[in-house]
Protein chains: 4
Amino acid sequence: MVENDPPGPAGTEARREAPSGRGRPLSDATERAILQATTGLLAERGLSAMTIEEVAARAHVGKASIYRRWSSKGTLAFDAFVTDFLERQPLPDTGNLRGDLLGLLRAWVRAVRQPVTGRTLRGLVGEVQRDPELADAWRERFVTPMRARHDAVLRRAIERGQLAPEANTGLLLDLLYGPAYHRLLHGHLPLDDAFAEDVVAVIMAANEAGVL
Amino acid sequence: MVENDPPGPAGTEARREAPSGRGRPLSDATERAILQATTGLLAERGLSAMTIEEVAARAHVGKASIYRRWSSKGTLAFDAFVTDFLERQPLPDTGNLRGDLLGLLRAWVRAVRQPVTGRTLRGLVGEVQRDPELADAWRERFVTPMRARHDAVLRRAIERGQLAPEANTGLLLDLLYGPAYHRLLHGHLPLDDAFAEDVVAVIMAANEAGVL
Amino acid sequence: MVENDPPGPAGTEARREAPSGRGRPLSDATERAILQATTGLLAERGLSAMTIEEVAARAHVGKASIYRRWSSKGTLAFDAFVTDFLERQPLPDTGNLRGDLLGLLRAWVRAVRQPVTGRTLRGLVGEVQRDPELADAWRERFVTPMRARHDAVLRRAIERGQLAPEANTGLLLDLLYGPAYHRLLHGHLPLDDAFAEDVVAVIMAANEAGVL
Amino acid sequence: MVENDPPGPAGTEARREAPSGRGRPLSDATERAILQATTGLLAERGLSAMTIEEVAARAHVGKASIYRRWSSKGTLAFDAFVTDFLERQPLPDTGNLRGDLLGLLRAWVRAVRQPVTGRTLRGLVGEVQRDPELADAWRERFVTPMRARHDAVLRRAIERGQLAPEANTGLLLDLLYGPAYHRLLHGHLPLDDAFAEDVVAVIMAANEAGVL
DNA sequence: TCGTAACCGAGACGGTACGTCTGGTCTTTTT
DNA sequence: AAAAAGACCAGACGTACCGTCTCGGTTACGA
């Protein structure tokens, strides 16, 4: 949104708008330094223990240069996290619904089992509950893009005749990811491949019974 | 909420432990005043905007009297919230599994649709992601008791022959509540009775297909 | 003033009055423990860093047992310090004024050169500036008794004809001790025997010139 | 009081040192507001009853802006008090030693007889006994400058032949001010012009007797 | 090619809340 | 009753960060 990125899935940024073209433009080097420092601190301390002052100090950047681009700690961490995370969520195309759903959920589970990734995602979901601005960004730039990818998968399944055209896809996706987030956030039971397979089996059974 | 209960599994409290029996004991009146002030502020402002100083001022209590009992804002809010919330989650006994699951999920949905309850629960889940001590209390005093109640429901279903004895009850409960927390926390889709019915229908279909 | 001390230089205590003779009498052992703990803490940390809570803990005594006897940290420290200090200030009788004054000032200088004694005296004078109740005790039970002793010395000098009967004894004593306290409190110049001799020489010269 | 003064002995300030020249400089307006609030509170309540929070509130300043400049209540009060006080101590030049000493002591006595001035000076001397950092500032910025002024007076007396060149000036000044501080701090006898005259008479007699 | 608007790092600004500490009092149980 | 213990209310302490502003200086546009 700020710089030139002609190709690409477009604006997944939470950042503020670039102003008019007058004056000195925002520096790319500064931005990279901020995001890199953020990524490092996120990995070392987690979101809740990270402070904007620390990011500024580590990036050798003034605090104002951060606030010029992001409105809060949450939106900054979001930007540092989300592009990378989305890239690690592949769009499977195995030719059948079960395989695709399993591919989706397994990739997610494997990503969040990385301690840094899991902790950061948990921290972001927590932050979303206290920062309405971040909540908007979260829905628009994380939940919606994720859903868009998933819809492509489901559309293909409909085309293949493996899913009814009138199926409740919103529900299906909440059944796929809801239990996973539940275990991530409450930590009461393990998140592993067996869990992913069980969840997908349930969804497939419900689909075959026609209750989706 | 906190009184002396000689029998029982004891000390799964979020609060700090009472010291030796010597000296002046902690005052019940002080404790009640703190919890009442906390409940009020939780309703007025939400967890993240509530401060310990405000609680102390409203309860006409020294800050030390709060810190003597609770180690953080999260554990205090947890104590003020959780007993009341659990009491509002009935143990349905309709004679069949579908009705019981529907009763459970509908009660939860209706509770969190109350703006104060929903906001507080969201805030607590968020806080759990940043306060490891609260996370322990959360699992021990909220997730586990909830699961215990649900296990009773599932046991009855097993006795009635409506659920296989070897069913994966952990998965079943995550399928029941996971999508619901997902919608509560991400706010991407509505939480209503229709949603509850759809979720239960999926679980019943999976059960009948024998994939649980 | 509290206990039985028929002989002795009379009430040099800063402590509160004993209550009516009803009920259990104040315990001597408790009192001794408090004063002993106070003396130890005064030596280890100095008056300003000592707290009533620390005294209570070290003496294995409740805070109330201290407040029952003394009204403030200053009056307690005063009591722990002053009897001992006064005992170390002898009443010289050398047969001439110069020798007596020198004896007085030298004893004082030597006492306050002990680090603990000097620090405690400085701390008490400092405390006197902020605690009006202590200031009263200070004047009545320290300044006045000291002056009484000195007056005895000066009276003997008058009897011997070494000092005019109408001499300004208040001024004389301020000339004797004022410079000494000045050096103690401001620390700008050393406090030693040479200083004591110089001060006494000045007073003797003034006396001989008849300006006292 | 604080401005940039390239020549001069430099940095004998009680305040903390200015950091590197980078970043936003400390604001003079903020500093003035703090000192003014301090002066007002010193007059209204006295040093020991004044709090940093009150100063910050009255000056409409964050507490950090005070701590950025001064390390303690004492050093702040010192800065607010001492320049003004020193300015009120004139450098007399009557042409003879007696008149100059009388001028010095009378000016001091008259200053400390102002209730606010006397109370603040007493409070500062008391605080000096508990704050080693303030003690350093006190000697460097108050005792030493006072002594420097007095040395000028004594040097003139030596040039005039009214004081021996080898006179013990340190002793002389302690004889002049010691009794005065003694009465100020212990409050046992009045501080008035008659007292000042008596003290000076003693010093002059000793000088004439050659014991200085 | 120059003026100027907006950037840059650094760090002070006014604030808020933190969690700790101490003061002096009050309430238990124990002696 | 007085004892020890320790909780009570109150509020200042000094620190950490917040998000904004100011400083001296730089950079790149557009007049």
Side-chain angles (χ1 to χ4, degrees), chain A residues 18-27 29-30 33 50-54 56-57 59-73, chain B residues 18-27 29-31 33 49-54 56-57 59-69 71-73, chain C residues 19-27 29-30 33 50-54 56-57 59-68 71-73, chain D residues 18-27 29-31 33 49-57 59-69 71-73:
Chain A
S20 72
R22 300 256 292 157
R24 179 175 174 177
L26 293 168
S27 150
T30 295
M50 179 184 97
T51 68
I52 295 274
E53 300 219 319
E54 245 179 339
H60 302 295
V61 140
K63 284 199 285 176
S65 293
I66 298 178
Y67 283 110
R68 214 172 275 127
R69 294 172 170 81
W70 294 278
S71 61
S72 66
K73 184 168 77 167
Chain B
S20 71
R22 312 252 275 158
R24 179 174 173 177
L26 293 168
S27 152
T30 295
E31 186 146 325
M50 178 184 99
T51 69
I52 296 273
E53 300 220 319
E54 246 178 340
H60 301 296
V61 142
K63 283 199 283 176
S65 293
I66 299 178
Y67 284 112
R68 213 173 275 126
R69 293 173 170 81
S71 60
S72 64
K73 185 168 74 168
Chain C
S20 72
R22 304 247 294 148
R24 178 173 169 179
L26 295 169
S27 151
T30 295
M50 179 184 96
T51 67
I52 294 274
E53 301 220 319
E54 245 179 340
H60 301 297
V61 141
K63 283 199 285 176
S65 293
I66 298 178
Y67 283 111
R68 212 172 278 126
S71 62
S72 65
K73 183 168 76 168
Chain D
S20 71
R22 315 249 273 155
R24 179 174 174 176
L26 293 168
S27 151
T30 295
E31 186 145 323
M50 177 183 99
T51 69
I52 296 273
E53 300 220 320
E54 246 178 341
V55 174
H60 301 296
V61 142
K63 283 199 284 176
S65 294
I66 298 178
Y67 285 111
R68 215 172 272 129
R69 293 172 170 80
S71 61
S72 64
K73 187 168 74 168

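Per chain, numbering begins at 1; letters A, B, ... match sequence-line order.
- Rounding to whole angstrom units, CZ of residue D:Arg68 and C1' of F:dT15 are separated by 12 Å.
- Dashed line: the shortest gap from a side-chain N or O of D:Thr30 to OP1 or OP2 of E:dG14 is under 4.0 Å.
- Counting any heavy atom pair closer than 4.0 Å across all strands shown, D:Ala56 reaches no nucleic acid atom.
- The CD1-C1' distance, from B:Ile66 to E:dC18, rounds to 13 Å in whole Å.
- Rounding to the nearest 0.5 Å places OG of B:Ser65 at 8.5 Å from CG of B:Leu26.
- One can place CZ of D:Arg24 at 7 Å from P of F:dC23, the figure rounded to the nearest angstrom.
- Separation of atoms OG (A:Ser27) and CZ (A:Arg69) is listed at 6.5 Å; rounding is to 0.5 Å.
- Remark: side-chain polar atoms of D:Lys73 are paired, donor with acceptor, to backbone N or O of D:Met50 under 3.5 angstrom.
- Comparing B:Glu54 and D:Gly23 by the nucleotide of DNA chain E that holds the closest heavy atom to each, the one mapping nearer the 5' end is D:Gly23.
- Closest-nucleotide positions on DNA chain E for B:Ala49 and D:Arg22 were compared, and the one nearer the 5' end corresponds to D:Arg22.
- Minimum interatomic distance between B:Thr30 and B:Val61 (heavy atoms only, all atoms of both residues): CG2-CG2, 3.9 Å.
- Considering only side-chain atoms of C:Lys63, the nucleotide from E:dT25, F:dC18, F:dC23 that sits closest is E:dT25.
- Listed pair D:Thr51 / F:dA12 fails the phosphate criterion, with no side-chain N or O lying under 4.0 Å from OP1 or OP2.
- Note: CD (B:Glu53) to P (E:dC21) measures 16 Å, nearest angstrom.
- Here the CD atom belonging to D:Glu31 is positioned 11.0 Å from the CD1 atom belonging to D:Ile66, to the nearest 0.5 angstrom.
- For F:dC9, one of the phosphate oxygens OP1 or OP2 lies less than 4.0 angstrom from a side-chain nitrogen or oxygen of B:Ser65.
- Ranked by how close their nearest DNA chain F nucleotide is to the 5' end, A:Ala64 and D:Ser72 are led by D:Ser72.
- The CD atom of D:Glu31 sits 12 Å away from the P atom of E:dG14 (whole-angstrom rounding).
- Straight-line distance from the CG atom of A:Leu26 to the P atom of E:dC7: 5 Å, rounded to whole Å.
- Whole-Å rounding puts the D:Met50 CE to F:dG11 P distance at 19 Å.
- As rounded to whole Å, 22 Å separates atom P of E:dG11 from atom OH of D:Tyr67.
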